[in-house]
Amino acid sequence: MEQFTQLVDQVSGIVWNSILLYLLVGTGILFTVRTRFVQVRKFGEGFKQLFGSFKLNGENAGKDGMSSFQALTTAIAAQVGTGNIAGCATALYSGGPGAIFWMWVSAFFGMATNYGEAVLAQKYKTVNSQGEVTGGPIYYIKARFKGTAGKFMAVFFSMAIIFALGFTGNMVQANSIGLAFHTAFGVDPLIVGIVIAAVAAFTFMGGVKRIASLTEKLVPVMAGFYIIGCLIVLVINHSALLPALRSIVIGAFRPQALLGGAAGIGVQKAMRYGVARGLFSNEAGMGSTPHAHAIAKVEKPQDQGVMAIMAVFIDTFVVLNLTALVILTSGRLAPGVEGAPQGTALAQAAFSEAFGSLGNTFVAICLLFFAFSTIIGWYFFGEVNVKALFGPKATRVYALIVVLFLVLGSFLKVQLVWNLSDLFNALMVFPNLIALLASSGIVARAARGEDIMK
């Protein structure tokens, strides 16, 4: 079993680091060119649309979908997760400060990819047998590829996302919460898992109405709480802010000048970890967030496309970037040094430099919000595919399995399950990217303002 676990880990590493990184960034570059830098041209419109539709208690979502803002917060709920804290810290430890620069690069192109995903999800959304508006990659894959090939790709994607996000992915999120609360408060992770599972089950049972209502309140509050905490730290560490920004740029192109040769971190390593963690955090091109954007009630697909641009911006350029600056200004980062703090421990150490013993508590609370919101978002994405494959009655079984995995994941970390989650996360991207590339012309037309619903 140990050999199989290592094999899965090696295959996952090859797929992510040698294939997907180039495909995802390449797709982002293609969409950026074909849409004539839509993420730049439409950024102002997206900003206005975001704050113009901002509501903590908006209209009730239902069979006809949810508001554009609710769709955005549901997408961000999934995007802003443990990767924005633990993932960012890991990238800094493994790739040095320069990794953050390459996060920026991948996110910039990812904004165009996310625009394309949202536009296609809107164009090919449908109404299921229960009269509910639904959509996502399973639908635009089948629309673009007729016959057996399209069906196979769509089913493969759906099975992969159910397993990678709905089941094992949510175990990872629950484990992060359990570990953080055990470190900060000494609470038994099993107890934390049971509470998280109970609250999640209550949310799941309320369907899309309760999910939309929760995310539109939770996401702005959790983001605001974390942003304020980070800004306080940066004010305290203000003298180290400019050197931190300088280290990001130098580390991206000349890491040896910054770190010396001891850490063994070169440009390629900084690029690899920065791009990988950036893409894993904002999920651009992975095919997850289109499920939320598909059911937004908008006049034309382009309207939700610009909201999708803002989702990547908030995830990477705001939340993840603040984490990076807190860590870099804390003086606790020791890239590549064996025994030095990394992951969640590095983030907690960084915040503790400014907040003292409250640093662990702050990170634990933020991880609770971030990871729980991701659980809700990932559950919803999986549910859409369960309904598409097995019908609405299967969602009860699906919800039960997710709840069970949340409890198990809070205290039990089986490395094979974690490795399989990474692998299936990678595998689900391929059919989505193929469909995106085949549909780039449609996205280009949308970015020019044409009516793509004809």
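Residues: numbered from 1 along the sequence shown. The model shown is predicted, which means the values in this text are computed figures rather than measured ones.
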Task: Gap between atom CD1 of Ile100 and atom CG of Leu320 - 0.5 Å precision - done: 6.0 Å
- [ ] Decide if atom CD of Gln130 counts as having more than 12 heavy atoms of other residues, nucleotides or ligands within a radius under 6.0 Å.
- [x] yes
- [ ] For Arg396, look at atom CZ and say whether over 12 heavy atoms of other residues, nucleotides or ligands are found less than 6.0 Å away.
- [x] no
Open item on the list: Between His182 (side chain only) and Val187 (backbone N and O only), is there a donor and an acceptor less than 3.5 Å apart?
Closed with: yes
- [ ] Measure the CZ-CG distance between Phe181 and Leu367 for me, rounded to the nearest 0.5 Å.
- [x] 9.0 Å
Open item on the list: For a 4.5 angstrom cut-off between non-hydrogen side-chain atoms, does Asn432 reach Met428?
Closed with: no
Open item on the list: Show every salt bridge (charged side-chain N to carboxylate O under 4.0 Å, His left out) that has at least one partner inside residues 310-322, sequence neighbours left out.
Closed with: none
Task: Minimum heavy-atom distance between Gln304 and Ala71, given as atom pair plus value - done: NE2-CB, 3.7 Å
Open item on the list: With a 3.5 Å distance limit and no angle check, can you tell me whether Asn175 reaches the backbone of Met171 through a side-chain donor-acceptor pair?
Closed with: no
Task: Centroid-centroid under 6.0 Å between Tyr398 and Phe167 rings - done: yes
Task: Lys300: salt bridge (charged side-chain N to carboxylate O under 4.0 Å, His left out) partners, not counting sequence neighbours - done: Asp303
Task: Side-chain heavy-atom pair Phe204, Thr395 within 4.5 angstrom cut-off - done: no
Task: Atom pair CG/CG of Leu433 and Leu23 - distance to nearest 0.5 Å - done: 6.0 Å
TODO: Provide the closest heavy-atom pair for Val402 versus Gly166 in the form atom of the first, atom of the second, distance.
DONE: CG2-O, 3.4 Å
TODO: Taking Asn84 for its side chain and Gly81 for its backbone only, find out whether a donor-acceptor pair lies under 3.5 Å.
DONE: yes
Task: Backbone N/O of Leu406 and side chain of Asn170: donor-acceptor pair under 3.5 Å - done: no
TODO: Let me see the working for Leu427 and Phe156 under side-chain contact (heavy atoms from CB on, under 4.5 Å), right down to the final yes or no.
DONE: CA-CA 9 Å; Leu427 293 178; Phe156 181 87; 4.0 Å; yes
Task: salt bridge (charged side-chain N to carboxylate O under 4.0 Å, His left out) partners for Lys142, two or more places apart - done: none
TODO: Report the C-alpha separation of Thr203 and Ile375 in whole Å, then their side-chain angles, then the decisive distance to 0.1 Å, and conclude whether the side-chain contact (heavy atoms from CB on, under 4.5 Å) test is met.
DONE: CA-CA 11 Å; Thr203 307; Ile375 288 169; over 6 Å; no
Side chains of residues 32-39: which donor-acceptor pairs under 3.5 Å do they make with residues two or more places apart or in other chains?
{"from": "Thr32", "atom 1": "OG1", "to": "Gly28", "atom 2": "O", "distance (Å)": "2.7"}
{"from": "Thr32", "atom 1": "OG1", "to": "Gln39", "atom 2": "NE2", "distance (Å)": "3.1"}
{"from": "Arg34", "atom 1": "NH1", "to": "Ser440", "atom 2": "OG", "distance (Å)": "3.0"}
{"from": "Thr35", "atom 1": "OG1", "to": "Phe31", "atom 2": "O", "distance (Å)": "2.5"}
{"from": "Thr35", "atom 1": "OG1", "to": "Thr32", "atom 2": "O", "distance (Å)": "3.4"}
{"from": "Thr35", "atom 1": "OG1", "to": "Val38", "atom 2": "N", "distance (Å)": "3.4"}
{"from": "Gln39", "atom 1": "NE2", "to": "Phe108", "atom 2": "O", "distance (Å)": "2.9"}

Open item on the list: Would you say the ring centers of Phe362 and Phe225 fall short of 6.0 Å from each other?
Closed with: yes
- [ ] Report, as yes or no, whether the 6.0 Å neighbourhood of atom CZ on Phe185 holds more than 12 heavy atoms from other residues, nucleotides or ligands.
- [x] yes
TODO: State, with a plain yes or no, whether a side-chain heavy atom of Met159 is found less than 4.5 Å away from one of Phe424.
DONE: no
- [ ] Kindly give the heavy-atom pair with the smallest separation between Met271 and Trp102, and that separation in Å.
- [x] CA-CD1, 3.4 Å
- [ ] Kindly compute the distance separating OG1 (Thr113) from CE (Met286), expressed to the nearest 0.5 Å.
- [x] 12.5 Å
Task: Heavy-atom donor-acceptor pair, Glu383 side chain to Ala399 backbone, under 3.5 Å - done: no
TODO: Please report the closest heavy-atom contact between Gly377 and Ala78, naming both atoms and the distance.
DONE: CA-CB, 4.2 Å
Open item on the list: Set out, in order, the CA-CA distance, both residues' side-chain angles and the distance that settles side chain to side chain donor-acceptor pair (under 3.5 Å) for Ser213 and Lys209, then state yes or no.
Closed with: CA-CA 6 Å; Ser213 178; Lys209 177 180 178 180; over 6 Å; no
Task: Test salt bridge (charged side-chain N to carboxylate O under 4.0 Å, His left out) applied to Arg445 - qualifying residues, sequence neighbours left out - done: Glu450
Task: Phe163/Leu423 under side-chain contact (heavy atoms from CB on, under 4.5 Å): CA gap, chis, key distance, verdict - done: CA-CA 10 Å; Phe163 184 85; Leu423 180 59; over 6 Å; no
Open item on the list: To check you understand the geometry: which heavy-atom pair defines the closest contact between Met66 and Ala212, and what is its length?
Closed with: CE-CB, 3.9 Å
TODO: Check Lys123 against Ile452 and note the closest heavy-atom contact, atom names and distance.
DONE: NZ-O, 2.6 Å
Task: Check: Ala89 main-chain N/O paired with Gln342 side-chain donor or acceptor under 3.5 Å - done: no
TODO: Could you tell me whether the side chain of Ser106 and the main chain of Met103 form a donor-acceptor pair under 3.5 Å?
DONE: yes
Task: Side chain proximity check, Val155 to Leu389, heavy atoms < 4.5 angstrom - done: yes
- [ ] Verify the ring-centre separation between Tyr226 and Phe369: is it less than 6.0 angstrom?
- [x] no
TODO: In sequence, state the C-alpha distance, the side-chain angles, and the governing distance for Leu24 and Phe109, and then conclude on side-chain contact (heavy atoms from CB on, under 4.5 Å).
DONE: CA-CA 9 Å; Leu24 284 166; Phe109 293 119; over 6 Å; no
Open item on the list: I want to check something: taking the side chain as every heavy atom from C-beta on, are Tyr115 and Gln302 in contact at a cut-off of under 4.5 Å?
Closed with: yes
TODO: Report yes or no: does Ser281 contribute a side-chain atom to a donor-acceptor pair with the main-chain N or O of Gly83 at less than 3.5 Å?
DONE: no
TODO: Report yes or no: do Thr215 and Gln70 form a side-chain donor-acceptor pair below 3.5 Å?
DONE: no
Open item on the list: Quick one, Ile196 and Ser410 - any side-chain contact, counting heavy atoms below 4.5 Å?
Closed with: no
Open item on the list: Just so I know, are the side chains of Val15 and Val11 near enough to count as touching, which here means a heavy-atom distance under 4.5 Å?
Closed with: yes
- [ ] Taking Arg144 for its side chain and Ile434 for its backbone only, find out whether a donor-acceptor pair lies under 3.5 Å.
- [x] no
Open item on the list: Once side-chain hydrogen bond (donor to acceptor under 3.5 Å, both in side chains) is applied, do any residues pair with Glu132, and if so which ones, sequence neighbours excluded?
Closed with: Asn128, Lys387
Task: Distance in Å, Thr73 OG1 paired with Ile376 CD1, rounded so as to fall on 0.5 Å steps - done: 12.0 Å
- [ ] Taking the side chain as every heavy atom from C-beta outward, state whether Phe370 and Thr374 have any pair of such atoms under 4.5 Å apart.
- [x] no
Task: From Thr74 atom OG1 to His293 atom NE2, the distance as rounded to the nearest 0.5 Å - done: 9.0 Å
